[in-house]
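Written below as structure tokens is the structure these notes are about.
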Number of protein chains: 2
Amino acid sequence: MVVERGRQAALGDQEIDRIFRALADATRRDIVQRTLTQEASVSQLAALYDMSFAAVQKHIAVLEGAGLVTKHPQGRERLVRGNPTTLRRAQDLLEHYEQIWRGRISRLDALLTEE
Amino acid sequence: MVVERGRQAALGDQEIDRIFRALADATRRDIVQRTLTQEASVSQLAALYDMSFAAVQKHIAVLEGAGLVTKHPQGRERLVRGNPTTLRRAQDLLEHYEQIWRGRISRLDALLTEE
DNA sequence: CTAACGTGCAACCAAATGGTTGTAGAACGA
DNA sequence: TCGTTCTACAACCATTTGGTTGCACGTTAG
């Protein structure tokens, strides 16, 4: 057991922070979606959006830092590939919240029935 | 149909932005989790974290702006209640991504079998 | 009525974010 | 070899974020 907490930030929370932060931008979500379907080079991706190459490069770096995409060198270009595993982690957390909420509902149910 | 897009931000994307951005902070996630279980007043929540009252107030405002919690006046205090509906929206989006990924897998499968 | 409590909001500040341009190097094509 | 392409990275800038303190105001308790 890891020290009773619930009011202080756990260390691994920064990882979750990065994942959600990375997903909080439409361009980055689009990149994830595309590269989940099919990997693409940095410049191929950059051509899709109305901003500089460097800007898109930064977005990809944010996604990579969050583990939402991985880069694979191939010759002079880097292929970007979406990472479903990290997406799963975010999904699991949200499902956890939903479970908590359902738990509350059933506790309310229990109270009503027992009465 | 709303204009062909896929490279330009849709207007409702800002809503998604706000949801994920709100979730990208451990304190805010903790508030969501707690108020999903049981509603609490702003000052009750503020007492839980090692920061000023106003800071917690701001976090709650961000969550409210994203629709992740709602506030309900009761006498001089405001009860904060987690909103599972908005959480569901985020969850649905992530599941959508997972579906896209699974689609890619089955397309690869199809290619292999057909060969 | 008055004091204390709960909340909201403004002003301020440091740090992070999201964009830009420019430079530099590695890999490829002719 | 030489020019072009792809990428990385630094420097810079405006805006947003996340925190602070202080003040105002409605509500409750004594």
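Here the structure is a predicted model, which is why all the values come from computation and not from measurement. Chain letters run A, B, ... following the sequence lines, proteins first and then strands; every chain starts at 1.
Taking atom CG of Asp50(B) as the reference point, atom P of dG19(D) lies 11 Å away to the nearest angstrom. With rounding to whole Å, Met51(A) atom CE is found 16 Å from dT17(C) atom P. Computed from coordinates, the Gln44(B) CD to dG6(C) P distance equals 9 Å when rounded to whole Å. When rounded to the nearest whole Å, the span between CD of Glu77(B) and C1' of dT27(D) equals 10 Å. Rounded to a whole Å, the CD1 atom of Ile60(A) is 15 Å from the C1' atom of dG18(C). Between the CG atom of Leu45(B) and the C1' atom of dT7(C) there is a distance of 13 Å, rounded to whole Å. The distance from atom CG of Asp25(A) to atom P of dT15(D) is 18 Å, rounded to the nearest whole Å. Remark: C1' of dA8(D) and CD of Glu64(A) are 12 Å apart, rounded to the nearest angstrom.
Between Lys58(A) and dA8(D) there is no side-chain polar atom (N or O) within less than 4.0 angstrom of OP1 or OP2. The shortest distance between the side-chain N/O atoms of His59(B) and the OP1/OP2 oxygens of dG19(D) is below 4.0 Å. Of the side-chain N and O atoms in Arg78(B), one or more sit less than 4.0 angstrom from OP1 or OP2 of dG8(C). At the phosphate of dT7(C), neither OP1 nor OP2 sits under 4.0 Å from any side-chain N or O atom of Gln57(B). Taking 4.0 angstrom as the limit, Ser43(B) places a side-chain polar atom (N or O) nearer than this to OP1 or OP2 of dT7(C).
Of the two residues near DNA chain C, Val42(B) and Ala55(A), the one whose nearest nucleotide lies more 5' is Val42(B). Nearest-nucleotide positions on DNA chain D for Arg21(A) and Ser41(A) put Ser41(A) closer to the 5' end. If you find the closest nucleotide of DNA chain C to Leu79(B) and to Gly75(A), the one lying nearer the 5' end belongs to Leu79(B).
Side chains of Ile100(B) and Thr37(A) form a contact here, defined as non-hydrogen atoms less than 4.5 Å apart.
Checking Thr27(B) against Asp30(B) by side-chain atom types alone, no donor-acceptor pair falls below 3.5 Å. Donor-acceptor pairing under 3.5 Å is recorded for the side chains of Glu98(A) and Gln91(B).
The base of dT7(C) is not paired with the side chain of Arg76(B) by any donor and acceptor separated by under 3.5 Å.
Among the atoms of the strands shown, base atoms are found under 4.0 Å from some heavy atom of Ala54(B). Here Ser52(A) lies in heavy-atom contact (under 4.0 Å) with a base.
With salt bridges taken as basic N to acidic carboxylate O contacts below 4.0 Å, none links Asp25(A) and Arg21(B).
When each of Lys71(B), Arg81(B), Arg18(B), Arg78(B) is paired with Glu64(B), the salt bridge (Lys or Arg N to Asp or Glu O under 4.0 Å) condition holds for Lys71(B) and for no other.
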